[in-house]
Enquirer: 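I'd like to ask some things about the structure below.
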Amino acid sequence: MEYKHQEIEKKWRDKWATDKTYAAKDFDSKPKYYVLDMFPYPSGAGLHVGHPLGYIASDIYARYKRHKGFNVLHPMGYDSFGLPAEQYAIQTGQHPEKTTETNVARYREQLDKIGFSFDWDREVRTSNPDYYKWTQWIFKQLFLSYYDTKEDKAKPIAELIAHFEKQGNEGVSAHSDYEGSFSAEEWKAKNEQDKEEILSQYRITFLADSWVNWCPALGTVLANDEIKDGVSERGGHPVEQKLMRQWSMRITAYAERLLQGLDKIDFPDSLKEQQRNWIGKSKGASVSFDIEGHNGKIEVFTTRPDTIYGVSFMVLAPEHQLVNEITSADQQAEIEAYVQAASLKTERDRQADVKNITGAFTGAFAIHPFSGEKIPVWIGDYVLASYGTGAVMAVPCGDQRDWDFAQHFGIEIKNIFKDQDISEAAYTEKDAIISNSDFLNDMPAKKAIGVAIKAIEEKGIGKGKTNYRLRDAVFSRQRYWGEPFPIYIENGVPKAIEDEFLPIELPEVDKYLPTEDGDPPLGNAENWSWCRNKKIIKSNDKQNGNCTWPMELNTMPGWAGSSWYYLRYMDPHNEDEFVSKEKAEYWGQVDLYIGGAEHATGHLLYSRFWCKFLHDMGYISFDEPFKKLINQGMILGRSSFVYRDKESGKFVTFEKRKEYKTARLHADISLVNGDKLDIEAFKKWRPEYENAEFVLNDDGEYTCGHEVEKMSKSKYNVQTPDELVERYGADTLRCYEMFLGPLEQAKPWDVQGINGVYNFLRKFKRLFHDENGQIVISDEAADKKELKSLHKAIKKVTEELDRYSFNTVVSTLMIAVNELTDLKCNKKEVLEPLTVLLSPYAPHLAEELWEKLGHSESVVYQQFPKFDESKLVEDAFAYPVSFNGKMRFKIELPTNLSKEDIEKEVMAHEKTNHYLEGKDPKKVIVVPKRIVNIVV
RNA sequence: GCUCGGGUGGUGGAAUUGGUAGACACGCAAGACUUAAAAUCUUGUGUCCAUUUGGACGUGCGGGUUCAAGUCCCGCCCCGAGCACCA
């Protein structure tokens, strides 16, 4: 009897599409459940078997929840703005939209073959104007808001302006870089540019000159999370620091809430840890040091104010503003040379150079605020301009870097720790007793921190302060294929374009490279400018020249569209709102979110940030987007290698490779079966191998070497799902990908075991048929053994799915099928629920069998079978688990029995009696729930 | 260096709260059906000792708690991931 998976799967795929079987209903009496996948960037390479892993898991869960009576939202879309399509456009001139269209079509085709229960009517694409209209709109809300630190939420900037007009910036509690003060009159007297200069220091998205990561090779700026090890994450190009006028997001305003919010969401520990790390909260104090002979002060941040008497020098970052002012004449040349050298170093050089201690003395001295001592002021690139205040008070006895610096330059190292030896290294633990420190003497360090902060505050030289490592995120990119900003620049002042003109659609350009003036690609668009009559002029209308303002030429980064897409799925066709309040209220948070761990500090942090903002503005009622997150592990490729003798050019089998001088070459995995090379296929693979010669092993075969690597085209180790779907069917692929191991774990792809899963499905199908392929389903009542098998499976599958253990479910079903096959069970009473159990994993086959059972309605609408504990009791048995003067028995019994019931059960039970035969049970002791101690 | 994971047969991996370690599957071996191969089916498969019944040892290493430890506690070793001049 054949398992015609292709036929079956096509039939149901078509039916589901026609019937819109998986459409999610807005508003339903059923409870809602929202299962989301991280939407893909549609790349030209298509899907390999690693991509659908997470989608399969989420699909299984979505189907399970439907069976459990939930109204499930399970959508899919595309993160379709991005670099590859643009680079392809630069090379070929093909519009990225076209490339994207093609790739999306291919993705869709591949996805459809795997039998996902997506509600495709809700598909979104970030590059679609109907979608990015709302990305632009949200951007505007951010632009038109500031963060009130007293109410701890974002508020409209109009309220801040009203405040300025009434009483200047006095009494303003806002997250801002602005430090000056002004009265209402002074505010009103300012011109528009000056006002904006100040406002931009309050806005949540703002345009400002800031130090950014500039990647010359990509021709764009990058956010911190787009840089790994000092080079761009995409392409690995060097990155340098540059002062540029750029859009940024004041995510730092949300640092504390982003940190606190982690406690109420169910994310993997490692990911939470990464976010905590990224936010990098540290508590301490800011302290100002006077400078001898100068008005300025050096402000430092320290986590160890208790060590203030250990300060023996100060270090400023080379970029620090004061460096020029305070440098003495005789140190001028040295300092300038050092600053110059530091500015030439890329981020990467600087990191690589950590062990090299460099610095220069400014010639200036700071005054110790307590002792009044003169402290030399140095500069050094181990102090980062971007963290804290860009200056540190150096305490060599308590900080290893300071210690190294002092040692290197022969600066004094004071010891302020009682009984600690600091001759070889700094003592960095916070458990020392402080000494040589005046009023802090004899205090344990932890106590001294508080006392020191109090003293600092009383003296008016600083205050207790919390610092965050998190930086504001650069929001503009010098690229074409992204969302245009809904912004024009009027006399140097950025202004938001009214909602009625959104979306601002991407203009056509004839080339996708920067302009000759160095403007971003949008600078190539003709008449890309804003007219006072509030329209982008389409024609080359010179006479409007005096009433048009330049448009913002940057586009938004990739994470703009992906920061809120989960909301759009709730209401994808709404033309008046990004999501209606009612629908956002109904669908609420994403209950289960599945995706890769690589977005830990990017997408997952930005989405949380935007969610909190939209919550603050009253658009949505929740302030965390994702309730539970699972990171699926990467599926790695198993590369195959052939070994070519460098002299003869012969290919040497793995066993004999050491006898020759060989070079290792990747061989396409489709030419290899169980490490044995298909020699004929290999010869045909590439023309240059046509006449290849081989040194075979003793069995006359060619064995390949192998290694586990990332799946990639260039390694010839890519397995596409398509070929497997064709050969084994989507149901097999789905089961097999789950069966491979725990979802979260990285695992090498190995097609060896797929036959086992395929056989399982065939065996499942065989329960319904006789040897001739005739349906044999019996209406007879199932016996106890059959029911036990079934209910064991129901119990386990339910428990396993409830704890997201997707891999073990397959085994459980296999066991059930094996048992029922042995029992020759063909009872409808058993097969019906069993089919529903199978349905999330192998939906096509389940539908087919469900139909064979005589049902006209889809199996999708069936309730998940309920576990009946009493069905297990019948077959309870006991066995001895240890003998040590006392005999103990483990007995399988329902867990809800009382101690007395268990005793009764044990005594009454046939098999127990069998074990106890000839013995006289005296006492039964219940240890844990299901374990019974019988003392004999 | 810091933080978080993780070490179980030839392989992928099972093992709720401590309770028959190695489920399930792959691979391998033997057998059945075949002229033969493939496919399929049956049986076996942690290691060691024993011809059998059986026994001993076994979850990275060393201790400990317990009637009972892969699981809990203490001390190490190794692997993976993330962060890292963050003051």
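Protein chains get the first letters and strands the later ones, always in sequence-line order, with residue 1 at the start of each. These numbers were taken from a predicted model, which means no experiment stands behind them.
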Enquirer: Checking side chain to side chain donor-acceptor pair (under 3.5 Å) between Tyr382(A) and each of Asn356(A), Asp402(A), Asp404(A), Thr358(A), which is the one that passes?
Expert: Asp402(A)
Enquirer: Taking CZ from Phe806(A) and C1' from rG12(B), how many angstroms apart are they, rounded to a whole number?
Expert: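 Spelled out: CZ on Phe806(A) to C1' on rG12(B) is 19 Å.
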Enquirer: OP1 or OP2 of rC86(B) versus the side-chain N and O atoms of Arg471(A): is any pair under 4.0 Å?
Expert: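 Checking Arg471(A) against rC86(B): no side-chain N or O falls below 4.0 Å of OP1 or OP2.
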Enquirer: Considering only NZ, NE, NH1 and NH2 on the basic side and carboxylate oxygens on the acidic side, decide whether Lys792(A) and Glu819(A) come within less than 4.0 Å.
Expert: yes
Enquirer: Who does rU52(B) pair with, Watson-Crick or G-U, both distances under 3.5 Å?
Expert: none
Enquirer: Is there a Watson-Crick or G-U wobble partner for rA15(B) with both distances under 3.5 Å, and which nucleotide is it?
Expert: none
Enquirer: How many Å lie between CZ on Arg401(A) and C1' on rC86(B), as a whole number?
Expert: 7 Å
Enquirer: Please check the phosphate of rG12(B) (OP1 and OP2 only) for any side-chain N or O of Asn807(A) closer than 4.0 Å.
Expert: no
Enquirer: Paired with rG58(B): which nucleotide, if any, by Watson-Crick or G-U wobble criteria at under 3.5 Å for both distances?
Expert: none
Enquirer: Would you say a side-chain N or O of Ser282(A) is under 4.0 Å from OP1 or OP2 of rA87(B)?
Expert: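 Checking rA87(B) against Ser282(A), a side-chain N or O does come within under 4.0 Å of OP1 or OP2.
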Enquirer: Over all strands shown, is Asn467(A) touching base, sugar-phosphate only, or nothing at heavy-atom distances under 4.0 angstrom?
Expert: nothing
Enquirer: Students often get this wrong, so: under 4.0 angstrom with heavy atoms, is Glu799(A) touching a base, only sugar-phosphate, or nothing?
Expert: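 Result for Glu799(A) = base.
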Enquirer: Between P on rC83(B) and CG on Asp225(A), what's the gap in Å once rounded to a whole number?
Expert: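 Asp225(A) atom CG is separated from rC83(B) atom P by 10 Å.
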Enquirer: Would you say Gln745(A) places a side-chain N or O within less than 4.0 Å of OP1 or OP2 belonging to rG80(B)?
Expert: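 Answer is no, no contact under 4.0 Å.
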Enquirer: Please determine whether a side-chain nitrogen of the Lys or Arg among Glu799(A) and Arg803(A) lies less than 4.0 Å from a carboxylate oxygen of the Asp or Glu.
Expert: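 Salt bridge between Glu799(A) and Arg803(A), a charged N being under 4.0 Å from a carboxylate O: no.
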Enquirer: Map Asp750(A) and Ala391(A) onto RNA chain B by nearest heavy atom, then report which one ends up closer to the 5' terminus.
Expert: Asp750(A)
Enquirer: Expressed as a whole number of angstroms, how long is the span from Leu259(A):CG to rC86(B):P?
Expert: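 Answer to the nearest Å: 19 Å.
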Enquirer: Please tell me which of the listed nucleotides, rC41(B), rC86(B), rA14(B), lies nearest to the side chain of Tyr387(A)?
Expert: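 Selected nucleotide: rC86(B).
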Enquirer: Any side-chain heavy atom of Phe370(A) within less than 4.5 Å of one from Ile308(A)?
Expert: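 Yes - at least one pair of side-chain heavy atoms lies under 4.5 Å apart.
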Enquirer: Classify the nucleic acid contact of Pro268(A) as base, sugar-phosphate or nothing, counting any heavy atom under 4.0 Å across all strands shown.
Expert: nothing
Enquirer: Quick check on the 6.0 Å ring-centre criterion: do Trp403(A) and Tyr427(A) meet it?
Expert: no
Enquirer: Starting at CD of Gln274(A) and ending at C1' of rA84(B), how long is that distance when rounded to a whole Å?
Expert: 13 Å
Enquirer: Name the residue closer to the 5' end of RNA chain B, choosing between Thr303(A) and Val810(A) according to the nucleotide with the nearest heavy atom.
Expert: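 Result: Val810(A).
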Enquirer: Name the orientation class of the two ring planes belonging to Phe405(A) and Trp378(A) (parallel below 30°, tilted from 30 to 60°, perpendicular beyond 60°).
Expert: perpendicular
Enquirer: Does Asp399(A) have any side-chain hydrogen bond (donor to acceptor under 3.5 Å, both in side chains) partners at least two apart in sequence or in another chain, and if so, which?
Expert: Arg401(A)
Enquirer: Please give, in whole Å, the distance from rG12(B) C1' to Trp749(A) CH2?
Expert: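 In whole Å, rG12(B) C1' lies 12 Å from Trp749(A) CH2.
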Enquirer: Detail all sub-3.5 Å separations between protein N/O atoms and N/O atoms belonging to nucleotides 2-4 of chain B.
Expert:
residue	atom	partner	partner atom	Å
rU3(B)	O2'	Glu273(A)	OE2	3.2

Enquirer: Do Tyr3(A) and Tyr758(A) make the cut of ring centroids closer than 6.0 angstrom?
Expert: yes
Enquirer: Over all strands shown, is Asn755(A) touching base, sugar-phosphate only, or nothing at heavy-atom distances under 4.0 angstrom?
Expert: nothing
Enquirer: Under 4.0 Å between any heavy atoms, over every strand shown, what does Asp404(A) touch: base, sugar-phosphate, or nothing? Just pick one.
Expert: nothing
Enquirer: Does Asp263(A) pair with Arg276(A) as a salt bridge, N-O distance under 4.0 Å?
Expert: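 Salt bridge flag = yes for Arg276(A) with Asp263(A).
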Enquirer: Go ahead and name the base partner of rG31(B); Watson-Crick or wobble counts if both distances stay under 3.5 Å, otherwise write none.
Expert: rC41(B)
Enquirer: Phe739(A) has an atom CZ; how far is it from atom C1' of rU11(B), in whole Å?
Expert: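 Whole-Å distance recorded here is 12 Å.
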Enquirer: Taking the chi torsion of rG6(B), is it syn (within 90° of 0) or anti (everything else)?
Expert: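 What rG6(B) shows is an anti base, its glycosidic angle lying more than 90° from 0.
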Enquirer: In whole angstrom, what separates Met814(A)'s CE from rC26(B)'s C1'?
Expert: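 Atom-to-atom, Met814(A) to rC26(B), this comes out as 10 Å.
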